[in-house]
S.K.: 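Mind having a look at this structure? Questions to follow.
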2 protein chains.
Amino acid sequence: MIIEAATKSFSLFGYKATTIDQVARLANVGKGTIYTFFRNKEELFDEIIKSLIKEMKDTADASIDPELSFYENVHRALYSILRYRKEHQLTIKLFQEERDMGTPAVIDVMVKLEQMILKYIAEQIIVAMEKGEIKQCDPELTAFVMLKLYISLIFDWEKTREPLRKEQILELFELYIFKGLSK
Amino acid sequence: MIIEAATKSFSLFGYKATTIDQVARLANVGKGTIYTFFRNKEELFDEIIKSLIKEMKDTADASIDPELSFYENVHRALYSILRYRKEHQLTIKLFQEERDMGTPAVIDVMVKLEQMILKYIAEQIIVAMEKGEIKQCDPELTAFVMLKLYISLIFDWEKTREPLRKEQILELFELYIFKGLSK
DNA sequence: GAAATGACCAAATGGACGAATCGGTCAATT
DNA sequence: AATTGACCGATTCGTCCATTTGGTCATTTC
């Protein structure tokens, strides 16, 4: 009940604007009860983020299709993960709070989230290299480049221009990262 | 004298923290004098940014060597332009002010700066396509991807990891954008 | 007697409001 | 005709103090 109430409140109001009193009220428990299960507000927050990360990972895993090529699978996994930022209440709120207020606890969590995504991609890259599907490269750096390219295409491009369609993003991803511009 | 004093003050204190009184004092003129040459604070600022842009353009032009390949020239031009952000007092200050305070006038200017860079790269890309050096692609979008990749490699990567050397960046740029990861 | 509770505390936050500072004007001066 | 700084309204700053916040713990509950 506490986790459910806290998730709802964090999603609606963000980390800073969520008070323990409110979570206790929403969860129909006394305030002290929360502190028998969580050492403090941040630990409660971390617990919720832990399930969020698990959920994202599962979604990404589910989006991968062994029949398809590596680059298409990376595209699918990345796309499904990054859709969270745009469509899930909690991640939207946290993303805004990080940008607008710079709440330290939120920054911490967003860094963790990015690290998890990078680790996930890097693992896929290592497998693809072992299979001989792609050239030898630094997995960490390649994952970083892929993620940044995606974020640019999905979030930054839309700030000033017409949003790109899903297939367009796939094409661009293929063109720039896999095939290369050289003739 | 006014422009010189204003440039110094903007570089040292940023846009918001620079007062017209201070510029007048530094320039050894009365405050009213400034308003006979510039309609307001923002116009004075824009004038200074105009010379900054010209300076950046000249530096980029100078860094291009017709003997070298297209991708190496793009790398050189981008690298020299982006070095401004790291080494020039004024751009450093403005970059910080945009990130930390979100001063509207500064955001405006930084958007203009980015547009100028994108336009510059797009022009280079169009020429390279005409020469048949690279595949057909959307110049605007390609310029966008190149710039974002560069910014990621030069600024974002360094936030949490060992900075990349110049040659490393060149190699990565070649690998991801030009050759592609596919075998 | 273990778990739950809410009154309680120190610390952080947020208005309220007067003082100070800001960008910009303009009559007086050079 | 060009320059100036006193001056103006608007915004920001600093300093209160009342309120709220995260967290504790003696008391109550089952």
Side-chain angles (χ1 to χ4, degrees), chain A residues 1-50 52 90 93-94 96-110 112, chain B residues 1-50 52 90 93-94 96-110 112:
Chain A
M1 282 159 70
I2 292 170
I3 287 180
E4 206 173 302
T7 304
K8 190 177 280 179
S9 186
F10 284 138
S11 300
L12 278 170
F13 310 113
Y15 177 79
K16 231 188 145 191
T18 289
T19 69
I20 297 289
D21 278 290
Q22 191 183 38
V23 173
R25 219 179 309 124
L26 273 172
N28 274 105
V29 294
K31 186 157 68 150
T33 310
I34 293 177
Y35 286 89
T36 63
F37 295 106
F38 305 95
R39 217 168 330 136
N40 52 42
K41 188 181 175 181
E42 202 164 342
E43 200 168 274
L44 170 59
F45 186 48
D46 284 343
E47 198 58 42
I48 288 167
I49 297 299
K50 232 173 83 182
L52 176 76
L90 180 56
K93 207 72 204 173
L94 294 181
Q96 289 172 346
E97 193 170 345
E98 184 192 25
R99 176 166 43 81
D100 301 338
M101 304 200 284
T103 317
V106 175
I107 293 179
D108 277 5
V109 155
M110 296 307 264
K112 263 190 216 161
Chain B
M1 283 159 71
I2 293 170
I3 287 180
E4 205 172 304
T7 304
K8 190 177 282 179
S9 185
F10 285 138
S11 300
L12 279 170
F13 310 112
Y15 177 80
K16 234 190 143 190
T18 289
T19 68
I20 297 291
D21 279 291
Q22 190 182 39
V23 173
R25 219 178 308 124
L26 272 171
N28 274 107
V29 295
K31 185 156 70 152
T33 311
I34 292 177
Y35 287 89
T36 64
F37 296 106
F38 305 96
R39 220 173 322 141
N40 51 42
K41 188 181 175 182
E42 202 164 342
E43 202 168 273
L44 169 59
F45 186 48
D46 284 342
E47 198 59 42
I48 288 168
I49 297 299
K50 231 173 83 181
L52 175 76
L90 181 56
K93 208 72 204 172
L94 295 180
Q96 289 172 347
E97 193 169 344
E98 185 192 23
R99 175 166 43 81
D100 301 337
M101 304 200 284
T103 317
V106 175
I107 293 179
D108 277 5
V109 155
M110 296 307 264
K112 262 190 214 160

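Every chain is numbered from 1 and lettered A, B, ... according to where its sequence line falls, protein lines coming before strand lines.
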S.K.: For A:Ser9, does its backbone N or O pair with a side-chain atom of A:Thr18 as donor and acceptor, under 3.5 Å?
M.R.: yes
S.K.: Look at the side chain of A:Thr19 and the backbone N and O of A:Gln22, then say whether any donor-acceptor pair between them is shorter than 3.5 Å.
M.R.: yes
S.K.: Run the salt bridge (charged side-chain N to carboxylate O under 4.0 Å, His left out) test against B:Glu4 and tell me which residues pass, sequence neighbours left out.
M.R.: none
S.K.: Less than 4.5 Å apart, any side-chain heavy atom of B:Asp108 and any of B:Pro104?
M.R.: no
S.K.: Select one nucleotide: of C:dG24, D:dG22, C:dG23, the one nearest the side-chain heavy atoms of B:Asn40.
M.R.: C:dG24
S.K.: Tell me: CZ of B:Phe37 to P of C:dG23, nearest whole Å?
M.R.: 19 Å
S.K.: What is the separation between atom CD on B:Glu42 and atom P on C:dC22, rounded to the nearest whole Å?
M.R.: 18 Å
S.K.: Rounded to whole angstrom units, what separation is found between the CZ atom of A:Phe13 and the P atom of D:dG22?
M.R.: 13 Å
S.K.: Which residues in residues 22-35 of chain A have at least one heavy atom lying under 4.0 Å from any atom of DNA chain C?
M.R.: A:Val29, A:Gly30, A:Lys31, A:Gly32, A:Thr33
S.K.: Between atom OH of B:Tyr15 and atom CD of B:Glu97, what is the distance when rounded to the nearest 0.5 Å?
M.R.: 9.0 Å
S.K.: Tell me: CG of B:Asp21 to P of C:dT25, nearest whole Å?
M.R.: 14 Å
S.K.: Assuming nearest nucleotide by heavy-atom distance, tell me which of A:Lys16 and A:Thr36 is located more 5' along DNA chain C.
M.R.: A:Thr36
S.K.: Can you measure B:Ile20 atom CD1 to D:dT11 atom C1' for me and round it to whole angstrom units?
M.R.: 15 Å
S.K.: For A:Arg39 and D:dG23, give me the distance from atom CZ to atom P, rounded to whole Å.
M.R.: 11 Å
S.K.: Please report, rounded to the nearest Å, how far the P atom of C:dC22 is from the NZ atom of B:Lys41.
M.R.: 9 Å
S.K.: Check whether NZ of the Lys or CZ of the Arg B:Lys41 lies under 6.0 Å from the centre of the six-membered ring of B:Tyr35 and within 45 degrees of that ring's axis.
M.R.: no
